[in-house]
Amino acid sequence: MPHQVTVVRAFEILDSRSRPTLSVTVGLAGGLVGHADVPGGTPIGTGEAVELRDGDPHRYGGQGTRTAVTHVNGEIADALHGQDFTDQSSIDQLLIDLDGTPAKARLGANALLGVSMAFARAAAAAARIPLWQHLNPPEVIPVLPVPHFTLIAGGARASNPLDFQEFMIAPYGAPTMAEALRCGSQVYTALRRILSAARYGTALGEESGFAPDLVQPEDALRLLVQAIDEAGYTPGRGGVAVALDAAATRLRQPDGRYRVCSQLLTSGDLIARYLQIAEDFPLASLEDGLGEDDHDGWVRLGRALDGRVQLVGDDAFVTDPARIARAAGEQIADTVLIKPNQIGTVTETLRAIRVCLESGYGAMVSHRSGETTDSFIADLSVGSGSGQIKSGAPAGGERVAKYNRLLQIEDRHPGLPYGLGL
Ligand code: PGA
Ligand code: ZN
């Protein structure tokens, strides 16, 4: 069924870090509308699509998004008004062509993504189906994803001395989404109790994970395992595993070594450290264990861990289907972090996930550090069959919005399976 676009409208709102972003509405003939709020990242992967910021130092320290808003309300609205679109890929292709640059730098990937997401919501409403179903390709089995909860934050997420960015737990063994979330919440609460008792402090980092004054990553992992245990769950892959995002691109020095706990480590040293961590802890997943350009290191890391730990690439892939296809040939990582605003349209995001699944790679749908209460990625994770999601701690409205949406999907569609089927 073709959808005629009648309304395209954006305005500037704030994200969870108090930075501006866009809220976009797309309306269709017949009166149905879709809304979407665009997430904001801290781009470090050099190939990320461009988040257009005004650069006016007198507004929001240069972070304003009025230019992107003007592009939506002007050039993009003019190009879409009165046009019929039969599917998501036709509107997204028009947006890509209209922008005309490889990294969506002219109109802004934030402008394009907002329109793309809002159109998807409007089209789902017009078809009277939930968004996850609208995003579900016919050959893909929808699945409720294993959540990866960031319980301890470090790196760019917090001002504590921890160098690795995210210390997560993942309830692989939970029978349902609802039980997975209960687990996340109860372990989070147990951890708060442990941190208070040990006088570490319970201040929060950007994604509502705790930011205790720890130095060694192993100490943070030890606290996670203790919290899993004290909450009454079984640490391990069959129960509740731990996961890391080292965000190592940020740790890399000009000489190629990595600065961890005030020491300079070669790729080989860091790989040895990960091997020991995998021995000592129920580590299921390691994201950005090495920097985005450290190709040889990634290959060696893959050989060293030999499938025992899932290796997730974020900065090296930037949700780009072409990069994913190339890396799959080079044996870099085995799972890709999927962030819609790294690439800029819904169609390209779905294509990135399809390339992953066709290449035998896993896919983990992800929030950004700057979030809103928009829960689009929850539906995306289910409909795309990705099987995994990370959306920060099970706390904080913008993080919980995604997890709660997953609960709602499970409640309304009790037949949907949970997890990776491991
Ligand atoms: P970002 O980080 O949203 O701040 O870019 C997310 C991540 O590194 O996984
Ligand atoms: Zn990351």
Side-chain angles (χ1 to χ4, degrees), residues 15-19 21 37-51 53 63 103 109-110 113 145 147-159 162-168 170 204-209 211 217 243-252 258 274 284-294 298 301 309-320 323-324 327 332-344 349 352 356 362-372 374 376-377 380-381 386 388-393 396 398-399 402:
D15 73 15
S16 54
R17 301 170 303 181
S18 205
R19 278 201 206 172
T21 185
D37 298 339
V38 179
T42 321
I44 182 88
T46 43
E48 289 205 26
V50 174
E51 203 173 73
R53 300 277 175 192
Q63 297 293 320
N110 41 356
L113 182 65
H148 292 62
F149 301 109
T150 306
L151 298 197
I152 294 182
R157 291 282 177 276
S159 50
L162 279 171
D163 288 318
F164 292 170
Q165 186 170 280
E166 294 163 29
F167 298 80
M168 296 171 268
L204 300 182
E206 256 174 16
E207 299 172 353
S208 300
L244 274 177
D245 178 3
T249 304
R250 292 177 201 273
L251 306 177
R252 204 147 195 234
Y258 296 85
Y274 292 137
S285 181
L286 170 62
E287 178 182 331
D288 281 0
L290 295 167
E292 60 171 337
D293 294 326
D294 192 353
W298 272 98
L301 178 65
V309 173
Q310 162 177 281
L311 296 178
V312 184
D314 173 4
D315 294 346
F317 294 107
V318 290
T319 314
D320 179 345
R323 282 182 188 235
I324 298 167
I332 295 196
D334 55 31
T335 300
V336 178
L337 200 73
I338 300 288
K339 297 166 167 171
N341 76 331
Q342 278 182 330
I343 185 76
T349 307
C356 291
M364 186 189 294
V365 173
S366 171
H367 67 155
R368 299 302 307 250
S369 44
E371 272 294 339
T372 69
D374 187 302
F376 194 95
I377 59 164
L380 175 69
S381 70
S386 67
Q388 304 187 63
I389 192 169
K390 79 167 185 181
S391 177
E398 77 284 3
R399 311 295 151 188
K402 283 67 164 174

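These figures come from a predicted structure and were not determined experimentally. Counting starts at 1 for both ligands and their atoms, following the listed order.
- On a distance-only criterion, Glu287 and ligand 1 share at least one N/O pair closer than 3.5 Å.
- Shown in contact with Ser369 at under 4.0 Å from a heavy atom are these atoms of ligand 1, numbered in order with element: 1 (P), 3 (O), 4 (O).
- In summary, the side chains of Tyr258 and Asp163 do not present any donor paired with an acceptor at a separation below 3.5 Å, with no hydrogens or angles considered.
- Judged as a side chain to side chain contact (heavy atoms under 4.5 Å, CB included), and not counting sequence neighbours, the contacts of Ala103 are Val50.
- Close approach of ligand 1 to Lys390 is summarised as follows: ligand atoms under 4.0 Å from at least one heavy atom of the residue are 7 (C), 9 (O).
- Any N or O atom pair closer than 3.5 Å counts here, and Ser366 shares no such pair with ligand 1.
- Close approach of ligand 1 to Asp314 is summarised as follows: ligand atoms under 4.0 Å from at least one heavy atom of the residue are 7 (C), 8 (O), 9 (O).
- The distance from ligand 1 to the heavy atoms of Lys339 drops below 4.0 Å at these ligand atoms: 2 (O), 5 (O), 6 (C), 7 (C), 8 (O), 9 (O).
- A salt bridge links Asp314 with Lys339; the closest basic N to acidic carboxylate O contact falls under 4.0 Å.
- Between His367 and ligand 1, no pair of N/O atoms sits closer than 3.5 Å.
- Among the atoms of Arg368, some N or O lies under 3.5 angstrom from an N or O of ligand 1.
- The shortest N/O to N/O separation between Arg250 and ligand 1 does not fall below 3.5 Å.
- With sequence neighbours excluded, the residues that form a side chain to side chain contact (heavy atoms under 4.5 Å, CB included) with Ser369 are Arg17, Thr42, Arg157, Glu206, Glu207.
- Formation of a donor-acceptor pair under 3.5 Å by the Thr249 side chain with backbone atoms of Glu292 is found in this model.
- Remark: side-chain polar atoms of Lys402 are paired, donor with acceptor, to backbone N or O of Asp374 under 3.5 angstrom.
- Ser16 pairs in a side chain to side chain donor-acceptor pair (under 3.5 Å) with only one of the listed residues (Arg399, Glu371, His367, Arg368), which is Arg399.
- Near-neighbour remark for the Zn ion (ligand 2): protein N, O or S atoms under 2.8 Å are Asp245 OD2, Glu287 OE2, Asp314 OD2; waters not counted.
- For Arg157, every heavy-atom contact with ligand 1 shorter than 4.0 Å involves the side chain, none the backbone.
- Close approach to Asp245 involves these atoms of ligand 1, each under 4.0 Å from a residue heavy atom: 7 (C), 8 (O), 9 (O).
- With hydrogens and angles ignored, the 3.5 Å screen pairs no side-chain donor or acceptor of Arg323 with any backbone N or O of Phe317.
- For ligand 1, the atoms lying closer than 4.0 Å to a non-hydrogen atom of Leu337 are 9 (O).
- In this structure, the ring-ring contact (aromatic ring centres under 6.0 Å, His included) partners of Phe149, at least two apart in sequence or on a different chain, are Tyr403.
- Remark: side-chain polar atoms of Asp288 are not paired, donor with acceptor, to backbone N or O of Ala246 under 3.5 angstrom.
- With salt bridges taken as basic N to acidic carboxylate O contacts below 4.0 Å, none links Asp293 and Arg252.
- Between the Glu398 side chain and the Asp15 main chain, no donor and acceptor come within less than 3.5 Å of each other.
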